Amino acid sequence: MKKLRCDKPYDIDEARKKKGLPRRRRKDSRTTAYELTIRVPDEYRVYFDGKKKLTRTAFALNKKGDLKSQVDAFEDEKNAELERRLEERGWVRQGGGKSESGRCATPIGSYAERYIDIRSNGSVSKETIANERRYLQYVDAAIGAIPICEVTAEDVEECLLKVPELSEKWALERQAAWEENRKTARWAKKHGTLAKPFKPVRVAGPDMQSKVLKFIREVMNYAHEKEDIPKNVAKAKFLTRVFKKSKPLIDPLMADDAARFLQEVEKLPLCYLKVTLLLLLNTGMRPEEMLAIRAGNIVFDGNETIISITGALDRDGKTIKDYPKSDAGRRSVPVDDYTADTARAWIELKSEAAKEQGLKPSMSMLVCGPEMIPRTYQSWYRDWLRFATDAGFEGVRPYALRHTFATLNLANGENIKTVAVLMGHASSAYTLDLYAAYVPNTGIGIGKRYMSFLRAAA
């Protein structure tokens with residue numbers, strides 16, 4: 001544990017004298033007023049209610065004796081308070097601090113919990129903290145009691161292998177609790193039945209194992225940087241090789257199905273759903289990005305209309321925030337004339353409706369929704385399901401339109417870098433990794449062309 005230290009005492013009386021202000025009232029007029037300040041390191045602020053500084057006013061007769069003793073007492077008090085709060089979270093060190101070998105005996109579960117608490121002071125989003133607490137449940141249940149300095153790569157492997165088992169166990173426990181709740185008269189009165197079946201239990205698989213491994217690595221990286229452990233055993237190569245994150249499901253429409261989908265969309269009357277479907281098919285944007293498009297994001301131009309993607313609908317379905325994935329998510333995508341004309345007509349229609357309600361249309365007006373407030377993903381998804389069923393595309397996911405945009409553009413010879421930028425991927429390598437099967441094989445006939453070139457040059 002880092003010891004908290006006090007800054008050089010600040011002479012309050014001298015400062016007030018320079019400003020022409022009177023001295024503060026005190027019991028002994030012979031004393032001088034000082035302000036004592038302790039700057040709290042980032043990792044310990046959570047234990048002091050997020051405070052960056054701890055301050056106290058001291059009245060001392062002299063600097064060498066009286067003031068020094070008060071400074072020491074202030075430091076000892078705050079260090080004792082910090083140690084007490086750390087111990088409440090299981091923070092124990094060999095030999096009352098760091099051992100000679102720099103090995104921390106705190107259980108990895110407690111250490112990981114403290115790591116999350118430190119990050120929850122606003123440096124990361126609430127969703128990330130909630131996810132990390134889910135990962136911590138698996139770590140606690142499997143290897144949480146092992147001191148972090150004694151954790152081996154095999155222990156990490158055992159934890160990851162138990163993820164599906166623990167997931168199924170907890171899911172069944174939750175289902176049993178719900179089943180008991182369904183037997184109450186209150187539940188039956190609200191829902192009108194006791195026989196509604198539950199959905200099949202969902203069990204965590206390779207994706208969750210990969211996420212838990214990444215979380216353990218981050219915790220042990222933090223411990224390694226603080227010299228609490230000699231090395232990060234979670235970085236073992238066999239863990240990386242075995243517990244890989246699975247690739248996203250790639251389920252694009254084939255060219256003839258995509259053409260038929262477009263025809264069905266064009267048959268729709270002018271409405272918000274038609275605009276949303278055209279945007280998804282024509283730009284490859286994500287549904288949460290599409291629902292966050294505002295009138296000011298669309299730049300209508302005589303040559304080509306451009307849509308700027310700068311935000312996404314939050315999980316709560318009510319707020320729009322700056323795009324959280326990466327800087328590459330903020331991008332501009334072009335659209336064809338038909339989509340642009342449809343979007344323009346819809347914006348004009350929605351603006352007229354707003355005026356009739358006594359509202360003033362603005363550039364911040366949301367485009368993809370019949371109301372002035374954000375359309376939640378679930379509400380839009382219900383409209384999607386009705387359209388997909390009526391048009392003969394039952395079972396097709398909205399995300400399939402994004403994959404259709406990428407695969408058909410690559411199949412038509414578009415540059416991989418251009419497609420990566422339009423998709424909002426952080427790198428073209430990721431795009432190529434996902435859609436490698438859809439990139440045309442440009443190597444066909446290269447041998448003949450190469451030899452013909454050499455003979456022609458002779």
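Being a predicted model, the structure only gives us computed values, none of them experimental.
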>> With heavy-atom distances below 4.5 Å as the criterion, would you say the side chains of Ile216 and Tyr135 are in contact?
In response: no
> Are Lys126 and Ile129 close enough, and set up right, to give a side chain to side chain contact (heavy atoms under 4.5 Å, CB included), and what steps lead you there?
Replying inline: CA-CA 5 Å; Lys126 294 180 180 179; Ile129 294 299; 5.7 Å; no
> Who pairs with Asn409 by side-chain hydrogen bond (donor to acceptor under 3.5 Å, both in side chains), at least two apart in sequence or on another chain?
Replying inline: none
>> For a quick test of reading the model, state the closest non-hydrogen atom pair linking Val156 to Leu213 and the distance between them.
In response: CG1-CD1, 3.9 Å
>> To the nearest 0.5 Å, what is the distance between CD1 on Ile148 and SG on Cys104?
In response: 6.5 Å
> Taking only residues two or more places apart in sequence, or in another chain, which ones meet Thr431 in a side-chain hydrogen bond (donor to acceptor under 3.5 Å, both in side chains)?
Replying inline: His425
>> Checking Arg397 now: which residues fulfil side chain to side chain contact (heavy atoms under 4.5 Å, CB included) with it, not counting sequence neighbours?
In response: Leu249, Asp251, Tyr399, His403
> Does the side chain of Thr407 come under 3.5 Å of the side chain of Arg402 through a donor N or O and an acceptor N or O?
Replying inline: no
> What pair of heavy atoms forms the shortest contact from Ala234 to Met220, and how long is it?
Replying inline: CB-SD, 4.1 Å
> Looking only at atom types and distance, does a side-chain atom of Thr404 sit under 3.5 Å from a main-chain N or O of Ala400, one as donor and one as acceptor?
Replying inline: yes
>> Does any part of the side chain of Leu54, heavy atoms only, come nearer than 4.5 Å to the side chain of Thr37, both counted from C-beta?
In response: no
> When you check the side-chain N and O atoms of Thr128 and Asn131, is any donor under 3.5 Å from an acceptor?
Replying inline: no
> Can you tell me if Asp390 uses its side chain to pair, donor with acceptor, with the backbone of Phe387 under 3.5 Å?
Replying inline: no
> Has the side chain of Lys350 got a donor or acceptor atom that lies under 3.5 Å from a matching backbone atom of Cys368?
Replying inline: no
>> Between Trp170 and Tyr138 (judged by ring centroids, cut-off 6.0 Å), do the two rings come close enough to count as a pair?
In response: yes
> Closest heavy-atom contact between Arg202 and Ala171?
Replying inline: O-CB, 4.3 Å
> To the nearest 0.5 Å, what is the distance between NZ (Lys211) and CG (Asp207)?
Replying inline: 6.0 Å
> Rounded to the nearest 0.5 Å, how far does CE of Met423 lie from CD1 of Ile416?
Replying inline: 9.5 Å
>> Please find the pair of heavy atoms, one from Ala292 and one from Leu313, that lie closest to each other, and give the distance.
In response: CB-N, 3.9 Å
> Distance from Lys417 atom NZ to Ser428 atom OG, nearest 0.5 Å?
Replying inline: 5.0 Å
> Ignoring hydrogens and geometry, is there a side-chain-to-backbone donor-acceptor pair from Gln209 to Phe243 under 3.5 Å?
Replying inline: no
> Quick one: are Thr276 and Leu273 in side-chain contact, heavy atoms under 4.5 Å?
Replying inline: yes
> What residues, two or more places apart in sequence or in another chain, satisfy side-chain hydrogen bond (donor to acceptor under 3.5 Å, both in side chains) together with Ser427?
Replying inline: none
> Would you call Arg331 and Glu289 a salt bridge, using N to O less than 4.0 angstrom?
Replying inline: yes
>> Looking at every heavy atom in both Pro147 and Ala105, which two are closest together, and how far apart are they?
In response: CB-O, 3.6 Å
> What pairs with Phe48 under ring-ring contact (aromatic ring centres under 6.0 Å, His included), at least two apart in sequence or on another chain?
Replying inline: none
>> Using modelled atom types and a 3.5 Å cut-off, is there a donor and acceptor pairing between side-chain atoms of Arg294 and backbone atoms of Met365?
In response: no
> Do other residues, nucleotides or ligands put more than 12 heavy atoms under 6.0 Å from the CZ atom of Phe238?
Replying inline: yes
> Do Asp383 and Tyr272 have side-chain atoms, one donor and one acceptor, less than 3.5 Å apart?
Replying inline: yes
> Would Arg344 and Asp341 pass as an ion pair if we require N to O under 4.0 Å?
Replying inline: yes
>> Rounded to the nearest 0.5 Å, what separates atom OH in Tyr115 from atom CD in Glu218?
In response: 4.5 Å
>> Whether Arg386 engages the ring of Tyr381 as a cation-pi pair (distance to the six-membered ring centre under 6.0 angstrom, angle to the ring normal within 45°) should be assessed.
In response: no
> Mind checking what makes salt bridge (charged side-chain N to carboxylate O under 4.0 Å, His left out) contact with Asp336, not counting sequence neighbours?
Replying inline: none
> Between Met290 and Val367, is any pair of side-chain heavy atoms under 4.5 Å apart?
Replying inline: no
>> So Tyr377 and Leu291, do their side chains get closer than 4.5 Å, heavy atoms only?
In response: yes
> Do we see a donor-acceptor contact under 3.5 Å between the side chains of Asn282 and Tyr338?
Replying inline: no
>> Is it the case that the side chain of Ser167 and the backbone of Ala204 share a donor-acceptor pair, with hydrogens and angles ignored and the cut-off at 3.5 Å?
In response: yes
> Short question: side chain of Asn412, backbone of Leu408 - any donor-acceptor pair under 3.5 Å?
Replying inline: yes
>> Using the rule given for side chain to side chain contact (heavy atoms under 4.5 Å, CB included), can you reason through Tyr222 versus Arg114, listing the C-alpha separation, both sets of side-chain angles and the distance that settles it, and then say yes or no?
In response: CA-CA 11 Å; Tyr222 174 76; Arg114 177 174 171 271; 3.8 Å; yes
> Do you see a donor-acceptor pair shorter than 3.5 Å between the side chains of Thr310 and Ser308?
Replying inline: no
> Hey, is Asp7 close enough to Lys53 for a salt bridge, meaning N to O under 4.0 Å?
Replying inline: no
> Does the Thr283 side chain pair with the main chain of Leu279, one donor and one acceptor, at a distance under 3.5 Å?
Replying inline: yes
> Around atom CD of Glu173, are there more than 12 heavy atoms of other residues, nucleotides or ligands at under 6.0 Å?
Replying inline: yes
>> Between Lys78 and Glu81, does any NZ, NE, NH1 or NH2 come within less than 4.0 Å of an OD or OE carboxylate oxygen?
In response: yes
>> Measuring from atom CG of Asn79 to atom CG of Leu4, what distance do you get when rounded to the nearest 0.5 angstrom?
In response: 4.5 Å
> How far apart are the C-alpha atoms of Leu277 and Trp384, what are their side-chain angles, what is the distance that settles it, and do they pass the side chain to side chain contact (heavy atoms under 4.5 Å, CB included) test?
Replying inline: CA-CA 9 Å; Leu277 297 178; Trp384 161 274; 3.5 Å; yes
>> Is the distance between the ring centroids of Tyr430 and Tyr435 under 6.0 Å?
In response: no
> Which is it for Ile116 and Phe215 under the side chain to side chain contact (heavy atoms under 4.5 Å, CB included) test, yes or no, and what are the steps along the way?
Replying inline: CA-CA 10 Å; Ile116 294 174; Phe215 172 68; 3.8 Å; yes
>> Whether the side chain of Asp155 engages the backbone of Thr152 through a donor-acceptor N/O pair (distance < 3.5 Å, no angle test) should be reported.
In response: yes
> Would you say Thr106 and Cys149 make side-chain contact, with heavy atoms under 4.5 Å?
Replying inline: no
>> Side chains of Arg330 and Ile309, heavy atoms from C-beta outward: is any pair under 4.5 Å?
In response: no
> Is there a donor-acceptor pair under 3.5 Å between the side chain of Trp346 and the backbone N or O of Cys271?
Replying inline: no
>> Counting C-beta onward and ignoring hydrogens, is there a side-chain heavy-atom pair between Val335 and Ile298 closer than 4.5 Å?
In response: no
>> Do the side chains of Lys162 and Glu158 get close enough for a salt bridge, i.e. N-O under 4.0 angstrom?
In response: yes
> Shortest non-hydrogen contact from Ile306 to Ser332?
Replying inline: CG2-CB, 3.6 Å
